[in-house]
Amino acid sequence: MSEYQYYEFQTIDRPLTPKEQAEIKGLSSRVKLTPTQAIFLYNYGSFHNKPEEVLTKYFDAMFYIANWGTWQLIFRFPKAIVNPKWFQPYDLPDAIEITQTAKYIVLNLEIHEEEGLSGWVEGEGWLPELLPLREDLLGGDLRLLYLVWLRVAPALAGDALDEDPVEPPIPANLSQLSPALKEFIKLVELDSDLVAAAALESPNRATGADSPLEGWLSALTEAERQEFLLKLVRREPHVDLQLINRLKELAGAGKSTPQSVPGHRRLSELQEIANTVKEQRQERERNAARKKRTQALAALAPKEAQTWERVVKLIELKQSQPYDEATALLKDLRDLAQQQGRLPEFSKRFEQLKSDYSSRPALMKRFRSIRI
């Protein structure tokens, strides 16, 4: 298998300056650069710079994937908006790391799959789907960090984690996943039944349900009002979040606090619950499939004679695709006969078809898949 490494960097809060673009071009001849994005793709060789440093200096988000089994997602946040204490309960060496500079907080999420990634690996298109996660984190939504822990805990148990680690704080609304979180789960191949198990003790809380803050606008000093207005005129990013945080401070609520409950279940407990959830899900799926099949056969019953005629017409075409369709229809007719207690009647007609068209090996091969 050939090597595949894909790096995508993205600015969100501002475009790159011409000077910054020139500096980024100097990082690699393989860069695909716009004022808001840089992509580096390698089928051999590698990126000779530290992605974390490149992101911290120029960008707000980075996505990396390698076909030997690595996913990496990094976000940069302005310190004025995000409290690093939000992330610290999820801090996990080699998986969830938080660093700080004078102006920024950098959250580095990294997942390694020891057996590598199966199938075709494609990096393009993932970062735009995942970018809303940064906005969620800015607002104190920590579901992503819990899901990363859930994904890496089995591999890190007994190493960076205890043999049977206790889960971190359980964020609210794990049972109501956003499209971006669903894409993340799909990307990193996280067991959906394990997520459902974890969500059983996740509180359901309405977003934006805080007390109204408009009444605290008058408590802002004149200097503060002028400062916020100037920031708006300068089109500085996230002025709305800064204002909301300040109003919450005036209201005595502090900055937006992530909604969560203390984690108490061990990984083995979550896995056991996940097995039960899986069994229940599979039973629901079987029941739904049976119901759907019953409805399909009920719709077929009044058209049984026409369906037998359709089978013969398809066979007479002597083509591969019609043979497949005829075989599928015969399986439907078999199931209908079985449901109605008329299986011997079906067998007799089916045996006659086999006799009539025994000289067609391709058709006979398909007929062998029809079990009676």
Side-chain angles (χ1 to χ4, degrees), residues 1-4 6 41 43 65 67 69 71 113 115-130 177 179-180 182-193 195-196 278-372:
M1 181 186 294
S2 62
E3 181 180 298
Y4 179 88
Y6 178 91
L41 175 61
N43 296 116
I65 186 171
N67 63 347
W71 299 276
E113 180 58 60
E115 297 180 0
L117 305 185
S118 59
W120 180 258
V121 177
E122 182 67 59
E124 188 173 359
W126 280 108
L127 185 55
E129 299 292 336
L130 301 174
L177 298 175
K182 291 177 181 177
E183 286 299 309
F184 176 79
I185 289 171
K186 177 182 175 182
L187 169 69
V188 302
E189 302 172 2
L190 175 56
D191 182 353
S192 59
D193 294 317
V195 176
K278 181 179 180 179
E279 291 171 2
Q280 294 170 343
R281 173 181 58 79
Q282 290 176 334
E283 181 61 26
R284 289 194 302 271
E285 290 171 351
R286 285 191 292 268
N287 289 337
R290 282 193 291 267
K291 182 178 179 180
K292 183 178 179 181
R293 187 61 175 160
T294 299
Q295 292 171 340
L297 294 178
L300 175 64
K303 301 182 290 185
E304 181 180 2
Q306 298 96 308
T307 303
W308 277 106
E309 294 173 3
R310 174 69 176 161
V311 167
V312 174
K313 289 179 181 178
L314 289 167
I315 292 173
E316 290 296 342
L317 293 174
K318 301 181 182 180
Q319 295 175 4
S320 176
Q321 189 170 339
Y323 280 176
D324 291 338
E325 186 179 346
T327 302
L329 289 175
L330 284 168
K331 289 178 179 178
D332 290 341
L333 289 166
R334 174 203 59 191
D335 292 349
L336 177 63
Q338 187 172 25
Q339 184 188 72
Q340 296 178 339
R342 296 167 44 235
L343 199 55
E345 181 182 330
F346 170 84
S347 297
K348 183 177 179 180
R349 295 190 69 171
F350 182 48
E351 290 300 323
Q352 185 61 52
L353 275 178
K354 290 165 67 175
S355 175
D356 292 343
Y357 297 101
S358 59
S359 61
R360 301 187 187 180
L363 180 62
M364 292 300 103
K365 180 179 179 181
R366 288 166 170 80
F367 278 4
R368 284 194 289 274
S369 69
I370 302 174
R371 310 291 183 187
I372 300 176

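Along the sequence shown, residues are numbered consecutively beginning with 1. The structure presented is a predicted model; accordingly, all values stated were derived computationally and were not measured. All heavy atoms count here, side chains included; hydrogens, waters and symmetry mates do not.
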Test item: Ser355 side-chain N/O and Glu351 main-chain N/O as donor-acceptor pair under 3.5 Å: no
Determine, step by step, whether Phe350 and Arg334 satisfy the side-chain contact (heavy atoms from CB on, under 4.5 Å) criterion, reporting the C-alpha distance in whole Å, the side-chain angles of both residues, the deciding distance to 0.1 Å, and the verdict. CA-CA 9 Å; Phe350 182 48; Arg334 174 203 59 191; over 6 Å; no
Distance check, rounded to the nearest 0.5 Å: Gln340 atom CD versus Glu304 atom CD? 6.0 Å
Any Lys/Arg nitrogen of Arg281 or Glu285 sitting under 4.0 Å from an Asp/Glu carboxylate oxygen of the other? yes
Is there a side chain to side chain donor-acceptor pair (under 3.5 Å) between Asp356 and Gln352? Walk through the geometry before answering. CA-CA 6 Å; Asp356 292 343; Gln352 185 61 52; 2.8 Å; yes
Can you tell me how far the CZ atom of Arg366 sits from the CG atom of Asp324, to the nearest 0.5 Å? 4.5 Å
Please evaluate residues Gln282 and Arg286 with respect to the criterion side-chain contact (heavy atoms from CB on, under 4.5 Å), reporting the C-alpha separation (whole Å), side-chain torsions for both, the decisive distance (0.1 Å), and the verdict. CA-CA 6 Å; Gln282 290 176 334; Arg286 285 191 292 268; 3.7 Å; yes
Euclidean distance, Tyr6 OH relative to Asn43 CG, rounded to 0.5 Å: 12.5 Å
Looking only at atom types and distance, does a side-chain atom of Arg310 sit under 3.5 Å from a main-chain N or O of Leu329, one as donor and one as acceptor? no
Give, for atom CZ of Arg342 and atom CG of Leu333, the distance between the pair rounded to the nearest 0.5 Å. 9.0 Å
Working to the nearest 0.5 Å, report the span between CG of Leu330 and CD1 of Ile315. 6.5 Å
Under 6.0 Å from the CD atom of Gln306, do we count more than 12 heavy atoms belonging to anything else shown? yes
As a quick check of understanding, evaluate side-chain contact (heavy atoms from CB on, under 4.5 Å) for Gln280 and Glu283, giving each step before the final call. CA-CA 5 Å; Gln280 294 170 343; Glu283 181 61 26; 5.7 Å; no
Stepwise, does the side-chain contact (heavy atoms from CB on, under 4.5 Å) test hold for Lys331 with Thr327? CA-CA 6 Å; Lys331 289 178 179 178; Thr327 302; 4.1 Å; yes
